[in-house]
Amino acid sequence: MLAAIEATRHGAGSVLLLDRSLIGRGGATVMAQMTVAAAVGPGDHWQYHLADTLAAGRGLCDPELAALLCRVGAECILEMDDWKVGWARQGNGFAQVQAPGHDRARCVYVDFLSTGPAVSRTLRTQLQRQGEGIRRLGEILVTDLVVQNGTVTGAVALNVATGQPITIAAPATIIATGGLTRLYARNSASANMSGDGYALAARAGARLIDMEFVQFFPIGHLAPRLIGMDPIMWDPFRYKLGGRLLNGAMQEFVERWGGDAEDGTYSTTRDLATYAITKEVEAGRGSPNGGAWLSFTHVPEATLRAAFGPVIDRLAANGIDLTRDCIEVSPIAHYHMGGIRVDPRMRTDLPGLLAAGEAVGGANGANRLSGNAITEALAFGRIAGAEAARIAALPAPAFNPAAAAPALALLSSTASMRNIAALVARLQHLMAQHVGPFRTAAGLNQASTALAALAAELGTAPPGTPGIPHDLNRQDWLDLRQMLLVAEAVIIGAIARTESRGAHQREDFPALSPAWERNLLLRLPAGATHLELA
Ligand SMILES: Cc1cc2nc3c(=O)[nH]c(=O)nc-3n(C[C@H](O)[C@H](O)[C@H](O)COP(=O)(O)OP(=O)(O)OC[C@H]3O[C@@H](n4cnc5c(N)ncnc54)[C@H](O)[C@@H]3O)c2cc1C
């Protein structure tokens with residue numbers, strides 16, 4: 001949304017904003033309920049934010065992208081304030097909290113339920129203010145890019161509402177499709193996060209970077225069932241109130257797996273907490289649903305309410321009383337550090353193709369700091385939009401409909417009916433089992449073999465007949481086609497990186513290796529069906 005606004009502000013006369021869902025309501029942004037990191041407090045500077053971002057990235061951040069995230073991100077946060085997003089205030093400035101890995105209180109928020117929704121709403125309002133310049137189309141699932149002599153000239157998409165294929169000609173295309181968390185059985189995002197953007201870019205011939213770095217959030221909500229709440233909401237609870245992480249026998253356990261005694265505080269980093277929970281469950285000491293207990297029962301009600309008033313009410317509506325009830329948590333796929341390789345102007349390897357947001361790889365290296373993702377989405381969206389407007393003003397190759405023919409043929413083809421949702425579930429369990437936060441060569445190779453079997457079952461054409469509105473089975477087929485390519489990218493990277501660094505932990509190579517302080521690039525050679533290291 002910000003890319004579209006910025007393109008218009010930089011003179012692009014005709015901007016088309018597409019989303020497979022409803023505009024501004026289908027991705028991770030609208031689901032984020034917590035905080036956004038930006039150096040906008042007194043005494044803070046974007047370079048301090050950058051230093052923390054680089055340290056968290058464990059040597060793999062693209063320093064230019066990371067600097068843009070921190071510098072332009074802070075400008076965007078101030079502009080969002082001008083646009084009345086409603087950042088919480090304290091005294092004369094913003095209220096800011098300190099999230100793990102930041103050297104100071106740097107994270108702004110609206111409140112602990114409304115940050116992402118407020119960001120999305122503000123951008124939707126600004127989109128409307130741009131008037132006719134930005135055409136918005138929801139329920140358009142982009143399935144392939146159109147490439148002519150190495151230049152991206154548009155895209156092919158399925159109109160989900162009619163079942164009809166469409167072709168879009170564009171002198172500049174920005175991929176802002178978010179992350180890949182749907183690859184995993186337990187994930188914090190929406191069903192739209194199939195990693196489509198990575199697959200679209202790779203199929204067109206652009207390189208991907210550091211695809212092995214999937215961030216798992218250790219204390220994702222597991223049970224009891226929560227409605228209308230962010231599954232990663234326990235993080236602010238823990239950094240404000242501590243809370244006890246307990247095994248099935250109600251004992252603290254992180255010390256057993258290399259952590260320091262927490263004693264009700266929140267001192268264990270995300271990677272170590274993920275390790276400790278996973279290992280405790282493997283040892284048969286998990287909570288009933290296969291995770292750990294999180295307990296705030298020692299925190300007085302008044303303290304809970306003072307810190308999280310509206311959240312406490314929302315929990316009560318879900319039948320949870322934290323003064324009495326423990327909840328179950330376990331690691332959950334949450335964010336992707338890898339993605340499409342771009343330069344500081346958000347240009348990919350291919351003329352005419354840009355990327356923004358979580359679709360971009362490299363800014364956060366091997367591990368992303370809490371609060372950096374929305375900042376990244378805003379900063380990179382702003383830069384990509386301005387650059388796309390500049391590119392659109394240059395002479396471009398005329399759109400050749402013949403270049404779109406293979407992608408259109410795929411959407412028009414038919415095959416016998418199969419239950420594709422079952423194949424998606426198989427992929428998700430495979431990824432969770434072998435390509436989760438802890439990996440081994442044996443497990444990764446098993447995943448690779450199973451992936452090939454899934455690809456064979458997928459076949460070459462979507463099931464059913466074209467032209468049926470909201471044909472979910474056909475959509476699942478199109479999604480799974482992209483998910484298999486993206487899963488392959490994660491697995492190839494994870495097999496190649498024979499070390500443990502940040503979010504990528506190899507149990508057979510437990511140490512960080514200085515020789516591996518380098519990025520891993522992948523590409524899909526023209527005409528090939530498998531990715532290779534670039
Ligand atoms: C539950 C949750 C909580 C989070 N909390 C925080 C937080 O507190 N702070 C923080 O900084 N970050 C947080 N994050 C991460 C952050 O929200 C995301 O990284 C960020 O919002 C990504 O923004 P984006 O614009 O790149 O993509 P998104 O907001 O995910 O948008 C991508 C859009 O692309 C569309 N799309 C995808 N594929 C296609 C296709 N093939 N065709 C057409 N459209 C497509 C989707 O429908 C979606 O609308 C959280 C994430 C989750 C899931």
Side-chain angles (χ1 to χ4, degrees), residues 1-4 16-38 69 73 77 97 99 106-110 112-120 123 137-145 155-160 166 168 173-182 187-201 215 217 220-221 226 229-236 332-337 339-340 355-360 363-364 368-381 384 475 478-479 481-483 486:
M1 289 188 281
L2 189 52
L16 178 60
L17 178 56
L18 301 178
D19 201 298
R20 61 180 295 165
S21 178
L22 301 176
I23 302 281
R25 296 177 201 270
T29 306
V30 76
M31 299 177 72
Q33 291 182 342
M34 297 200 307
T35 59
V36 183
L69 186 162
I77 294 304
V97 290
R106 176 173 292 133
C107 295
V108 297
Y109 55 93
V110 172
F112 280 111
L113 286 176
S114 308
T115 297
V119 168
S120 296
L123 292 174
L137 285 182
E139 299 197 301
I140 304 292
L141 172 67
V142 177
T143 52
D144 275 292
L145 297 173
V156 166
L158 176 75
N159 183 332
V160 171
I166 60 171
I168 303 133
T173 299
I174 303 173
I175 296 179
T177 45
L180 53 58
T181 43
R182 190 182 169 201
N187 67 70
S188 66
S190 77
N192 301 326
M193 313 286 74
S194 313
D196 288 11
Y198 311 127
L200 291 170
Q215 185 168 64
F217 179 78
H221 188 83
L226 273 186
M229 303 199 73
D230 181 344
I232 68 155
M233 59 179 266
W234 299 115
D235 211 29
I332 191 166
H334 180 50
Y335 174 86
H336 191 220
M337 274 73 71
I340 304 167
E358 194 174 334
V360 164
N364 293 285
R368 170 182 70 91
L369 279 183
S370 177
N372 264 10
I374 288 183
T375 317
E376 168 186 64
L378 293 172
F380 294 178
Q475 270 179 58
L478 294 165
D479 290 351
R481 167 179 172 256
Q482 310 293 39
M483 290 165 81
V486 178

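Read the numbers this way: they start at 1 and go in the same order the structure lists the ligands and their atoms. Remember, predicted model here, so these are calculated numbers, not experimental data.
- S190 places a side-chain N or O within donor-acceptor distance of the main-chain N or O of G26, the cut-off being under 3.5 Å.
- Among N364, T181, N187, the one residue that satisfies the side chain to side chain donor-acceptor pair (under 3.5 Å) test with Y335 is N364.
- Close contacts of ligand 1 with I140, meaning ligand atoms under 4.0 Å from a residue heavy atom, involve 42 (N), 43 (C).
- Residue-ligand proximity, G371 to ligand 1, at heavy-atom distances under 4.0 Å covers atoms 9 (N), 10 (C), 11 (O).
- Paired with R182 under the rule side chain to side chain donor-acceptor pair (under 3.5 Å), one option of N192, D196, D479 passes, and it is D479.
- Given atom 11 (O) of ligand 1, the protein heavy atom at minimum distance is I374 N, 2.9 Å.
- The N/O atoms of Y335, backbone and side chain alike, include none that comes under 3.5 Å of an N/O atom in ligand 1.
- Considering backbone and side-chain N/O of A373, one or more are found under 3.5 Å from N/O of ligand 1.
- Contacts between N372 and ligand 1, counted as non-hydrogen atom pairs separated by less than 4.0 Å, involve the backbone only.
- Counting heavy atoms under 4.0 Å from ligand 1, residue S194 does not touch it at all.
- Nearest protein heavy-atom contact of atom 45 (C) of ligand 1 is R20 CG, 3.6 Å.
- For atom 30 (O) of ligand 1, the nearest protein heavy atom (residue, atom name, distance) is A28 N, 2.7 Å.
- Ring-plane geometry between H336 and Y198 is classed as perpendicular, the angle between the planes exceeding 60 degrees on a 0 to 90 degree scale with a lower cut at 30.
- Contact annotation: for M193 versus ligand 1, heavy atoms closer than 4.0 Å belong to the side chain alone.
- In the candidate list H334, Q215, H221, H334 is nearest to atom 51 (C) of ligand 1, counting heavy atoms.
- In terms of polar-atom proximity, defined here as any N/O pair under 3.5 Å, M31 makes no such contact with ligand 1.
- Scanning the protein for heavy atoms near atom 19 (O) of ligand 1, the closest one is E358 OE1, 2.6 Å.
- Taken to the nearest 0.5 Å, the CG atom of N159 stands 8.0 Å off from the CG atom of L137.
- Of the protein's heavy atoms, D196 OD2, 3.6 Å lies nearest to atom 40 (C) of ligand 1.
- The protein heavy-atom contact nearest to atom 20 (C) of ligand 1 is T29 OG1, 3.8 Å.
- At least one heavy atom of L141 sits closer than 4.0 Å to an atom of ligand 1.
- For atom 46 (C) of ligand 1, the closest heavy atom belonging to the protein is D19 OD1, 3.4 Å.
- Atoms of ligand 1 lying under 4.0 Å from any heavy atom of N192, numbered from 1 in the order shown and given with element: 37 (C), 38 (N), 46 (C), 47 (O).
- Close approach of ligand 1 to T35 (heavy-atom distance below 4.0 Å) involves ligand atoms 7 (C), 8 (O), 9 (N), 10 (C), 11 (O).
- If you check each of V142, L18, T115 against atom 42 (N) of ligand 1, the one with the closest non-hydrogen atom is V142.
- To the nearest 0.5 Å, atoms CG (L200) and CD1 (I175) are separated by 5.0 Å.
- Close approach of ligand 1 to I232 is summarised as follows: ligand atoms under 4.0 Å from at least one heavy atom of the residue are 3 (C), 4 (C), 5 (N).
- Taking distance alone, with nitrogen or oxygen atoms compared against 3.5 Å, A32 stays at or beyond that limit from ligand 1.
- Under 4.0 Å from ligand 1, not a single heavy atom of V30 appears.
- The line from CD of E358 to OG1 of T177 is 9.0 Å long, rounded to the nearest 0.5 Å.
- By the 3.5 Å distance cut-off applied to N or O atoms, S188 is not counted among the residues near ligand 1.
- Panel note: side chain T115, backbone Y109; no donor-acceptor pair is recorded below 3.5 Å.
- Proximity of a side-chain donor or acceptor of Q482 to a complementary backbone N or O of T143 within less than 3.5 Å is detected.
- With hydrogens left out, the protein atom closest to atom 27 (O) of ligand 1 is G178 CA, 3.5 Å, a heavy atom.
- Under the 3.5 Å distance criterion, the side-chain polar atoms of T375 are left unmatched by any main-chain donor or acceptor of A38.
- Residue contacts with ligand 1: T375 is excluded, as none of its non-hydrogen atoms falls under 4.0 Å.
- Checking side-chain atoms of E376 against main-chain N and O of A363 turns up no donor-acceptor pair under 3.5 Å.
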